[in-house]
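Report on the structure given below.
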Amino acid sequence: MSVKPIREHTGKSLLHRWLGEYSSGKHTYANPGVLVTPEVLDKTCDQTWEALLDQNQWLKEGKLVAKPDQLIKRRGKAGLIAIDKTFDEAKDWIMQRMRKEQTVEGVTGQLSHFIIE
């Protein structure tokens with residue numbers, strides 16, 4: 001069996017889609033979250049912050065968690081998880097980190113994909 005890395009959002013979307021069917025309705029996975037890509041930086045693309053809010057009304061309700069969705073181990077220790085944020089706070093937190101150089105455990109790169117739950 002081969003191993004292929006997948007994003008956290010993809011895994012949660014698969015659970016959301018198939019868990020109920022394969023468990024005969026015994027189990028469900030309610031919300032896979034929202035994937036935020038670099039397209040939010042481009043005003044001409046379909047994915048804008050306003051479009052995300054329109055498609056996911058639950059983002060306006062309650063507190064959220066934002067984190068990079070890039071196969072990073074120990075995100076919490078690296079300070080890469082925003083907890084208990086409103087949508088605007090999560091948006092600001094993501095925008096401060098998106099496409100900016102970050103160093104995690106000696107590896108430097110740019111964060112481009114985030115998940116909001």
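Only heavy atoms go into these numbers, but all of them, side chains included; no hydrogens, no water, no symmetry mates. Not measured: the values here are computed from a predicted model.
A 4.5 Å side-chain heavy-atom check between L52 and Q47 finds at least one atom pair inside the cut-off. By the 4.5 Å heavy-atom criterion applied to side chains, K63 and F87 are not counted as neighbours. Taking 4.5 Å as the limit, every side-chain heavy atom of V104 sits out of range of all side-chain heavy atoms of R75. At least one side-chain heavy atom of R99 sits under 4.5 Å from a side-chain heavy atom of P38. You'll find the side chain of L59 reaches within 4.5 Å of the side chain of L64, heavy atoms only. In this structure, M98 and L111 have side chains that are not in contact, with every pair of non-hydrogen atoms separated by 4.5 Å or more. V34 has its side chain within reach of W58: a pair of non-hydrogen atoms, C-beta onward, lies under 4.5 Å apart. Looking at heavy atoms from C-beta onward, Q110 lies in side-chain contact with E101 at the 4.5 angstrom threshold.
Here the closest heavy-atom approach between residue H113 and residue Q70 is recorded as N-OE1, 3.0 Å. Here the closest heavy-atom approach between residue G79 and residue W93 is recorded as O-CZ2, 4.1 Å.
Interatomic distance, F114 CZ to T37 OG1, rounded to the nearest 0.5 Å: 11.0 Å. To the nearest 0.5 Å, atoms CD (E105) and CZ (R74) are separated by 4.0 Å. Note that the OG1 atom of T108 and the CD atom of Q102 stand 9.5 Å from one another [nearest 0.5 Å]. Remark: K91 NZ to T86 OG1 distance equals 11.0 Å, nearest 0.5 Å. Distance check, rounded to the nearest 0.5 Å: CD of E89 to CD1 of I83 gives 13.0 Å.
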Decide side chain to side chain contact (heavy atoms under 4.5 Å, CB included) for W49 and I94; before the verdict, give the C-alpha distance in whole Å, the side-chain angles of both, and the deciding distance to 0.1 Å. CA-CA 11 Å; W49 289 108; I94 289 171; 4.1 Å; yes
Determine, step by step, whether K60 and L53 satisfy the side chain to side chain contact (heavy atoms under 4.5 Å, CB included) criterion, reporting the C-alpha distance in whole Å, the side-chain angles of both residues, the deciding distance to 0.1 Å, and the verdict. CA-CA 7 Å; K60 298 175 186 176; L53 273 175; 3.7 Å; yes
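The pair K67-E117 meets the salt-bridge criterion, since a charged nitrogen lies less than 4.0 angstrom from a carboxylate oxygen.
At most 12 heavy atoms of other shown residues, nucleotides or ligands fall within 6.0 angstrom of atom NZ in K26. In D54, the CG atom is crowded: over 12 heavy atoms of neighbouring residues, nucleotides or ligands sit closer than 6.0 Å.
Grouping the Ile, Leu, Val, Met, Phe, Trp and Tyr side chains by contacts below 4.5 angstrom, directly or via other members, places M95 with I116.
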